Amino acid sequence: SLMLSLAGDAESYGVMISLNTRVENGRIDRNNKKIILSCCGNFETTELECDNVINCGGLSSISIANKIMTNHTNLIPKPFFAKGNYFRISSKTKKLFSHLVYPVPEDGGLGIHATIDMDNQQGSIWS
C-alpha cells in the first residue's frame, strides 16, 4: 500500500515512526537543539531525543504542543474548530470532477470543495 511504502522510505532515512504513543511531556534542551519527549506506549515510558518532531495528534495536537513547548507557548496557534458536512455525489455527476477542487478560503471557513480518494473515486464534498 502507499502508506507502507511511504513509511518504508521514511525509515530508510532514519525516521522513527511511533504509532499509538501518548506524549506525557516534553522539553527543548538548553541549547534549543534537541527535543526530548517522554512517551508512553505498551505500558512503559520511554524518553526520546530528536532533532525534529512532526506532531500528528489531530484534535490533541495543540495539547501535545503545549506539553513540549512550555517556554514557547506564544508560538502555538489557538485551536479553531469547524464542522464539516460531507456528501457523496451520485455516479451520474461523478464525471464532473477529475481532480481536487479547492476554492479561495472565506472568513470562518474553507468554502465548498470536492475531494477524490486514493482509488481515484469521488470522495466527499465538504462545506
Side-chain angles (χ1 to χ4, degrees):
S1 86
L2 175 63
M3 295 310 292
L4 285 174
S5 177
L6 292 173
D9 287 348
E11 289 170 345
S12 73
Y13 284 96
V15 171
M16 183 175 79
I17 299 171
S18 182
L19 303 173
N20 300 314
T21 302
R22 185 175 66 236
V23 176
E24 297 289 335
N25 59 56
R27 66 185 186 283
I28 299 173
D29 76 357
R30 288 185 196 129
N31 300 321
N32 286 327
K33 294 190 177 188
K34 296 283 182 191
I35 301 167
I36 297 94
L37 299 176
S38 178
C39 301
C40 183
N42 297 331
F43 306 106
E44 63 182 64
T45 299
T46 304
E47 195 167 273
L48 306 170
E49 185 176 304
C50 48
D51 296 323
N52 299 293
V53 171
I54 299 174
N55 180 352
C56 300
L59 293 175
S60 299
S61 60
I62 300 292
S63 174
I64 292 169
N66 279 313
K67 290 178 179 181
I68 298 169
M69 301 181 63
T70 55
N71 294 328
H72 305 281
T73 55
N74 60 313
L75 300 175
I76 301 170
K78 301 292 179 225
F80 179 81
F81 301 104
K83 179 188 175 293
N85 297 301
Y86 296 86
F87 305 93
R88 184 172 299 273
I89 62 174
S90 72
S91 58
K92 294 178 192 173
T93 55
K94 185 170 138 180
K95 61 185 173 206
L96 295 173
F97 298 98
S98 61
H99 54 81
L100 298 177
V101 178
Y102 284 93
V104 176
E106 57 190 42
D107 286 343
L110 297 174
I112 298 173
H113 59 273
T115 62
I116 297 174
D117 66 20
M118 291 172 49
D119 289 325
N120 204 26
Q121 299 297 313
Q122 170 62 44
S124 48
I125 303 289
W126 194 91
S127 62

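Keep in mind it's a predicted model, so treat the numbers as computed, not measured. In this chain, residues are counted from 1 in sequence order.
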query = Once you round to the nearest 0.5 Å, how far does CG of Asn25 lie from CD of Glu47?
reply = 8.0 Å

task = Consider only side-chain heavy atoms of I, L, V, M, F, W and Y, link residues closer than 4.5 Å, and tell whether Ile62 and Ile54 are in one cluster.
result = no

task = Locate the shortest heavy-atom distance separating Lys67 from Glu24; write the atom from each residue and the value.
result = CD-O, 3.5 Å

remark   = From the list Leu75, Ile76, Thr70, Ile68, side chain to side chain contact (heavy atoms under 4.5 Å, CB included) with His72 holds only for Leu75

message = With a 4.5 Å cut-off on side-chain heavy-atom distances among I, L, V, M, F, W and Y, is there a chain of contacts connecting Val15 to Val53?
response = no

note = Applied to residues 50-65, the side-chain hydrogen bond (donor to acceptor under 3.5 Å, both in side chains) test, sequence neighbours excluded, yields Lys34-Asp51

task = Determine the minimum heavy-atom distance between Ala7 and Ile17, stating which atoms define it.
result = CB-CD1, 3.7 Å

